[in-house]
There are 2 protein chains.
Amino acid sequence: MGEINIKQLACELNLSAATVSRALRDSHEISSETKARVLEMAKKLNYEPNPFASNLRGQKSKTIAVIVPEIANNFFSLAINGIEEVARERDYHVLIYQTHESSAIETSFLNRLLSGRVDGVLISLACENVDKEHFKKISNQLPVVFFDRVHDDIDGVKITTDDYESAYNAVQHLIENGCKKIGYLSALNALSTGKKRLQGYLDALKDNDFPDDGNLIMKSGANNDENYTLIKNFIAEHKPDGILSSIEELAMPCYYACKELNLNIPVDLKLISFSNLAHAQLLNPSLTTINQPAFEIGVEAAGILFKIFNKRWYEPNQTIILKSNLIKRESTRAIA
Amino acid sequence: MGEINIKQLACELNLSAATVSRALRDSHEISSETKARVLEMAKKLNYEPNPFASNLRGQKSKTIAVIVPEIANNFFSLAINGIEEVARERDYHVLIYQTHESSAIETSFLNRLLSGRVDGVLISLACENVDKEHFKKISNQLPVVFFDRVHDDIDGVKITTDDYESAYNAVQHLIENGCKKIGYLSALNALSTGKKRLQGYLDALKDNDFPDDGNLIMKSGANNDENYTLIKNFIAEHKPDGILSSIEELAMPCYYACKELNLNIPVDLKLISFSNLAHAQLLNPSLTTINQPAFEIGVEAAGILFKIFNKRWYEPNQTIILKSNLIKRESTRAIA
DNA sequence: TTTATTTACGTAAACGTTTACGGAATAATA
DNA sequence: TATTATTCCGTAAACGTTTACGTAAATAAA
């Protein structure tokens, strides 16, 4: 309807479309008076250049894609928040896609994005096994920055947190506060993110001369209901006095399971989890968390993507590691 | 790089670009053998049509925009989740923008979207006062569906929840459980969403012959820190024995304030809040919430937008109201 | 004065699709 | 056989920009 284009604008001004285009882009080939006239008329008629025409001509989309497992997740929504803010500063647009942890969907999204719809992609991998070869093809055609959920076997720029150290320190904290039998709720096993957390757990146990008991590692299931059952049985059977949960989604069920099993946190069981829950402080008991700088990860990842766009990034395989924050609360309090 | 276009594909097949295009869109003008050949070669060469060229030609973007105040918010992230799923089913792309409650930013986003970048917009309004005239211009040029944060003075299709009834019932619940002096933490005052919640509160008080005391209505401040101070002072000064919070962001500080003031929830103060916190159950004490069907709102809103696209929507000003769910928990327990 | 340079703008091509139009070959009908 | 309809495909224009190229006028340099 209102859709006014550059030709009509030019006509209104008795100029050619080329002149108008150049004036709007502040070209030195246009006199300042003409520029002023054009700007004024453009404002008056509410002219907005058609992005598809621009993009088609210029092969730039001014758009980036963000691919995450889930949007409704404390970590990812914060990361997207950071990404959006950076994009906005640069007048870029942000497309979002969620994979629901399916690498098939992930691959399908990536393929669709190869058409030039976006200038670059920020991705946090689905936890399923990935087709690494496919990723190589992708990143040859499109700048990609990985964040948080990364894979060692896939080359690329990566922003992560200090997963190994965080897990290690978490276990150390449990031990210092009296735990003798520490369980691990594992997830993201196919990704280096998950592997590092697990390794941190294992090494901390070893360094403290804890026995190497594979039974204390629980693998997460397919959905929340299954996870709850798994966790309840895990606790009931193995009776750990401390648990490190590799993701928030596995820590919450521990509360319910402990209530069901009549176990007191932290007396009978101390709990610590990777989590970006805003109000871990208000849980009963308050939850000791490994808090990842989610917003900053988003900002950093987006920032690097823009550096790549501007040819100001020279480390195609660099991994940037931000520090997580261990926040000690009631759920791991030492019992006198 | 790899970017293959329809001409190269056509060349490879000894066909014209037109034939290839038609074959890919399954036109009846193309023989089935040719179609098969084209499809095969397209798959083989990983051909993806350039969306900008298609959009430019067809004046369709296959993209929708979602404008929300904040992404990192339990309600909005769930709504976006719903929207994304519906969009995905239809092979649509989703752009997200956050206004951080600024109507200036909101207006600026909307203006940029008028260029044809998207086929439609889903918006949840910023809580600042809005330029209603501007919205009229917008919705003449672009299909817009409002969700949750809506404004009575702005025409359009709207998806909301039963804000009035929810607030009314919440207050009724507080009264039934013994509250004599019920405060209201107000927000979104410029929007009908906020006005209806407030009115529900007021009418419930009136219907129960409670005195009309404006002092018991607290207006939210500019940020979390200010809100905390406001709330603490509010509780300390007016000593309500019940509080209805119109948004989750005002309920959480109540916990901290009560701890600070040595007040026990629910003994000294009962608390209920509009909230989509996943684990309200685990708070200390567990929080009674008015749970909005956030995901469903997203699904519904997106569904209607697609109906509008397909000319299957005939009610330009209909408001669809979904029901919220009052979940009673410890924070409003009656004290014997 | 002649020639070179700069300024300021217009013309037209290009980006990669889709589609109106047309046409040749084949099949159907008279 | 002559006419009409159908099938299948190609040509070219169009979508709205941006930009290489050209050019006329004005200015500077020779």
Side-chain angles (χ1 to χ4, degrees), chain A residues 1-39 41-42 45-63 91 112-119 141, chain B residues 1-39 41-42 45-63 91 112-119 141:
Chain A
M1 331 283 132
E3 300 296 307
I4 186 168
N5 64 26
I6 203 171
K7 282 182 193 168
Q8 298 167 35
L9 185 55
C11 179
E12 207 75 29
L13 287 157
N14 275 343
L15 289 171
S16 74
T19 301
V20 173
S21 175
R22 279 187 278 239
L24 290 173
R25 323 188 103 244
D26 203 28
S27 158
H28 65 276
E29 297 186 70
I30 303 299
S31 72
S32 36
E33 320 149 56
T34 304
K35 278 182 193 171
R37 281 181 59 217
V38 172
L39 264 304
M41 185 65 78
L45 300 186
N46 230 305
Y47 170 72
E48 283 281 337
N50 181 305
F52 302 121
S54 304
N55 298 343
L56 179 57
R57 174 62 220 235
Q59 313 285 21
K60 285 285 157 241
S61 69
K62 283 234 157 201
T63 306
D91 277 313
R112 285 170 68 196
L113 292 175
L114 282 182
S115 56
R117 183 178 287 274
V118 297
D119 296 341
Q141 305 189 235
Chain B
M1 329 275 138
E3 300 297 306
I4 187 170
N5 63 28
I6 202 171
K7 283 183 193 167
Q8 298 168 35
L9 184 55
C11 180
E12 208 75 29
L13 288 157
N14 274 342
L15 289 171
S16 75
T19 301
V20 173
S21 174
R22 279 187 278 241
L24 291 174
R25 322 189 103 245
D26 202 28
S27 158
H28 65 276
E29 297 187 68
I30 304 298
S31 72
S32 37
E33 322 151 53
T34 306
K35 278 182 192 171
R37 281 181 59 217
V38 172
L39 264 304
M41 185 64 79
L45 299 186
N46 229 303
Y47 169 72
E48 284 280 336
N50 181 307
F52 302 120
S54 306
N55 298 342
L56 179 57
R57 173 63 219 234
Q59 312 287 24
K60 285 285 156 243
S61 68
K62 283 234 159 202
T63 306
D91 276 313
R112 285 171 68 196
L113 292 175
L114 282 182
S115 57
R117 183 178 286 274
V118 297
D119 296 342
Q141 305 190 234

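Every chain is numbered from 1 and lettered A, B, ... according to where its sequence line falls, protein lines coming before strand lines. No experiment lies behind these values; they were computed from the predicted model shown. Only this structure's heavy atoms are used, side chains among them; waters, hydrogens and symmetry mates stay out.
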For residues 46-56 of chain A, which residue pairs qualify under side chain to side chain donor-acceptor pair (under 3.5 Å), counting only residues two or more places apart or in two chains?
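Sorted result for residues 46-56 of chain A: empty, none.
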Taking salt bridge (charged side-chain N to carboxylate O under 4.0 Å, His left out) as the cut-off, I'd like each qualifying pair that reaches into residues 51-62 of chain B, sequence neighbours left out, listed once.
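Qualifying pairs: none.
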Any salt bridge (charged side-chain N to carboxylate O under 4.0 Å, His left out) involving residues 15-26 of chain B? Give me the pairs, sequence neighbours left out, ordered by first then second residue.
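Sorted result for residues 15-26 of chain B: B:Asp26-B:Lys35.
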May I have the distance from [X] (atom [atom1]) to [N] (atom [atom2]), rounded to whole angstrom?
| X | N | atom1 | atom2 | answer |
| --- | --- | --- | --- | --- |
| B:Asn50 | C:dA14 | CG | C1' | 13 Å |
| B:Ile6 | D:dG10 | CD1 | P | 12 Å |
| B:Ile4 | C:dT17 | CD1 | C1' | 15 Å |
| A:Asn5 | D:dC15 | CG | C1' | 10 Å |
| A:Asn55 | C:dG16 | CG | C1' | 13 Å |
| A:Lys62 | D:dT18 | NZ | P | 12 Å |
| A:His28 | C:dA8 | NE2 | P | 10 Å |
| B:Leu56 | C:dA14 | CG | P | 17 Å |

Partners passing side chain to side chain donor-acceptor pair (under 3.5 Å) against A:Ser27 (at least two apart in sequence or in another chain):
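Result, side chain to side chain donor-acceptor pair (under 3.5 Å) vs A:Ser27: none returned.
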How would you list, by chain and number, every residue that makes a side chain to side chain contact (heavy atoms under 4.5 Å, CB included) with B:Gln59, sequence neighbours excluded?
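For B:Gln59 there are no side chain to side chain contact (heavy atoms under 4.5 Å, CB included) partners, ignoring immediate neighbours.
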For the residue pair B:Leu24 and B:Ala42, what are the closest heavy atoms and their distance?
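Smallest interatomic distance, heavy atoms only, reads CD2-CB, 4.0 Å.
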Within the sub-3.5 Å range, which N or O atoms of nucleotides 9-13 of chain C have a protein N or O partner, and how far apart are they?
| unit_1 | atom_1 | unit_2 | atom_2 | d |
| --- | --- | --- | --- | --- |
| C:dC9 | OP1 | A:Thr34 | OG1 | 2.7 |
| C:dC9 | OP2 | A:Ser31 | N | 3.0 |
| C:dC9 | OP2 | A:Ser31 | OG | 3.3 |
| C:dC9 | OP2 | A:Thr34 | OG1 | 3.2 |
| C:dC9 | N4 | A:Glu29 | OE1 | 2.7 |
| C:dG10 | OP1 | A:Ser16 | N | 3.3 |
| C:dG10 | OP2 | A:Ser16 | N | 2.9 |
| C:dG10 | OP2 | A:Ser16 | OG | 2.8 |
| C:dG10 | OP2 | A:Thr19 | OG1 | 2.2 |
| C:dG10 | N7 | A:Arg22 | NH2 | 3.0 |
| C:dG10 | O6 | A:Arg22 | NH1 | 3.1 |
| C:dG10 | O6 | A:Arg22 | NH2 | 2.6 |

Please determine if a side-chain N or O atom of [X] lies less than 4.0 Å away from the OP1 or OP2 oxygen of [N].
| X | N | answer |
| --- | --- | --- |
| A:Gln59 | C:dA14 | no |
| B:Gln8 | C:dG16 | no |
| A:Tyr47 | D:dG16 | no |
| B:Arg25 | C:dT17 | no |

Using the side chain to side chain contact (heavy atoms under 4.5 Å, CB included) definition, which of the options B:Asp119, B:Leu56, B:Leu113 pairs with B:Ser61?
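Testing each of B:Asp119, B:Leu56, B:Leu113 against B:Ser61, the sole residue satisfying side chain to side chain contact (heavy atoms under 4.5 Å, CB included) is B:Asp119.
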Taking any heavy-atom pair under 4.0 Å as a contact, classify B:Ser54: base, sugar-phosphate, or nothing.
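Answer is sugar-phosphate: B:Ser54 comes under 4.0 Å of backbone atoms only.
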